[in-house]
Amino acid sequence: MPVKIRSEASGRHPIQLARLRRSAETLLGLTGHGSSELSLLFVSDPAMQELNRSYRQKDKTTNVLSFPMQEGRDIPDGALLGDIVISVETAAREAREMKVPLRQRLNWLLIHGLVHLLGYDHERSGREAVLMEAREYELQQSLMRIERKRSMTQLAINVDHVATLRQARGINEPDPVLAAGICELAGASGIVVHLREDRRHIQDCDVRILRETVKTKLNLEMGATPEIIGIALDLKPDMITLVPEKRQELTTEGGLNVSGQKKKLAEVIAQMSKAGIPVSLFIDPEPKQISAAAAIGATFVEIHTGRYCDATHEAAREEEFDLVAAAVDFAFGLGLKVNAGHGLNYQNVSRVAALDAVEELSIGHAVMARAIMVGLDQAVREMLALVQR
Ligand code: PXP
């Protein structure tokens, strides 16, 4: 294992060791040291102050210390590079001051520590400082690019409107369960259904059967009402997406007002988390809502693309797309997993799918509308081709 990683920091600022290990391994690969070894230790300020006093005669804490095992810059791959120690408390303080996510600050300190282990030293001379900074910047950009696009954008299909058609006749076809199977065979990464309070399309028994039959991932879209929460806790879908729900609306309109109901939503997230169900919050592309979603412990946000999709002229569409793109980046930077959806169709999907940090799109109406003409299998495959192009 090229990266040995350990945390002795107090739990006040939660860090994700698995993610940090992956960043460190990526950085080793980027610097041509994929087989080299390093050790990474996270501590709190008192331990860092002690290290700084013992090794550098400075009686105060600091953000990062490197202890190189090699000399110079001509280090062969496979060498033991040394140790990096990072104070999580100082990193968190700096992140707050710089208004950046803690994860971003920790990544930067990791880069700084590694570049030291590789023989750079900004304290040696002005020229050396410039060289080191350039190397750090280059590594930071490459790491960000790689971390954003670890995998291709996935496509989850919402089969609500198969049930809409069934309910229009009050008989038992078309069947959303059968439709879900066809979507999965065509390459969908997940099935989404919205169990509405008024049961206008999806019924309780659909969700129950889908829970048994969906092989990919069942995402239950729902309002945060006690009845539906009870059903979700009972059926345990693979994830839930909380949406605002109004009886009169034709489809979900705006995103959730997370910042205005943090306490209530945090309680739902805690309940779901106890049952092992990750929660996504469907929100408008607004920094305030994204920060609130991160603060209350959501795993995912689904960025509402409706205003982008519904824009009636070019300038407005561009403006709305920029908001979606900025929201996706901001949410990803806060450590959230990012999905997107609503109103996406065969004409407007590609740009959203191409956003680096978008993990999955949730699409319903456009695929079902096309399925009536060309068949569901083909409609899903065509959409998938656009999403993964
Ligand atoms: N995401 C959410 C949260 C939704 O409520 C909906 C609509 O049910 C969708 C995505 C899919 O939207 P559309 O049917 O317009 O593709």
Side-chain angles (χ1 to χ4, degrees), residues 153-165 167 176 179-180 183 188-202 206-207 210 217-225 228 232 237 239-258 265 278-285 289-290 293 298-311 320 324 327-328 331 336-353 358-372 376 379-380 382-384 386-387:
T153 306
Q154 307 280 303
L155 171 65
I157 299 287
N158 180 317
V159 295
D160 288 351
H161 295 318
V162 178
T164 304
L165 193 54
Q167 298 308 110
C183 293
S189 58
I191 299 299
V192 188
V193 285
H194 185 172
L195 185 64
R196 281 184 168 266
E197 230 184 330
D198 63 10
R199 308 297 198 273
R200 67 174 71 161
H201 38 52
I202 291 294
D206 295 326
V207 189
L210 285 166
K217 179 180 63 198
L218 179 64
N219 179 353
L220 180 63
E221 220 183 284
M222 52 183 269
T225 62
I228 309 285
M239 65 183 283
I240 64 161
T241 299
L242 292 177
V243 298
E245 196 177 300
K246 291 192 214 117
R247 276 191 177 251
Q248 298 80 5
E249 68 192 357
L250 287 177
T251 177
T252 315
E253 287 170 356
L256 268 178
N257 177 9
V258 183
L265 295 175
V279 176
S280 177
L281 302 179
F282 182 55
I283 53 175
D284 289 324
Q289 300 302 343
I290 297 166
T299 305
F300 291 85
V301 283
E302 181 180 330
I303 302 295
H304 196 326
T305 49
R307 288 203 310 253
Y308 156 67
C309 297
D310 296 342
E320 292 300 340
V324 169
V328 166
L336 289 157
K337 292 174 174 238
V338 189
N339 295 338
H342 211 288
L344 294 169
N345 61 31
Y346 294 83
Q347 285 73 45
N348 61 25
V349 73
S350 299
R351 293 179 79 186
V352 179
V358 170
E359 206 159 288
E360 187 174 73
L361 300 178
S362 169
I363 307 185
H365 188 270
V367 171
M368 295 309 154
R370 191 161 181 82
I372 290 173
L376 184 53
V380 173
E382 286 175 11
M383 184 58 88
L384 196 58
L386 289 171
V387 168

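Start at 1 with the first residue, then count along the sequence. When a ligand or atom number is given, it counts from 1 through the structure's own listing order.
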Which atoms of ligand 1 are found less than 4.0 Å from any heavy atom of [X]?
X: E302; answer: 1 (N), 2 (C), 3 (C), 10 (C)
X: V243; answer: 3 (C)
X: H365; answer: 13 (P), 14 (O), 16 (O)
X: G343; answer: 12 (O), 13 (P), 15 (O), 16 (O)
X: N158; answer: 8 (O)
X: I363; answer: 16 (O)
X: S362; answer: 1 (N), 10 (C), 11 (C)

field: Proximity to ligand 1 by part of H161, non-hydrogen separation under 4.0 Å
entry: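 The answer is neither; H161 stays 4.0 Å or more away.
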Contact with ligand 1 for A366, non-hydrogen, under 4.0 angstrom: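 No, that is not the case, since the closest heavy atom of the residue is not under 4.0 Å from the ligand.
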task: Could you pull out, from H342, E221, H201, the option with a heavy atom nearest to atom 12 (O) of ligand 1?
output: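 When every heavy atom of H342, E221, H201 is considered, H342 comes closest to atom 12 (O) of ligand 1.
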- request: Check step by step if side chain to side chain contact (heavy atoms under 4.5 Å, CB included) holds for H201 and R196.
  value: CA-CA 8 Å; H201 38 52; R196 281 184 168 266; 4.0 Å; yes
message: Between L344 and M383, is the side chain to side chain contact (heavy atoms under 4.5 Å, CB included) condition met? List the steps.
response: CA-CA 10 Å; L344 294 169; M383 184 58 88; 5.8 Å; no
query: Under 30°, 30 to 60°, or over 60°: which ring-plane class applies to H342 and H304, parallel, tilted or perpendicular?
result: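 Ring orientation of H342 relative to H304: tilted.
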message: Can a side-chain donor-acceptor contact be found between S189 and E360 if the only test is distance below 3.5 angstrom?
response: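 Checked: E360/S189 side chains pair up, N/O donor to acceptor below 3.5 Å.
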Polar side-chain atom of [X] near backbone of [Y] as donor-acceptor pair, under 3.5 Å:
X: N345; Y: A366; answer: no
X: E245; Y: E197; answer: yes
X: T305; Y: G341; answer: yes

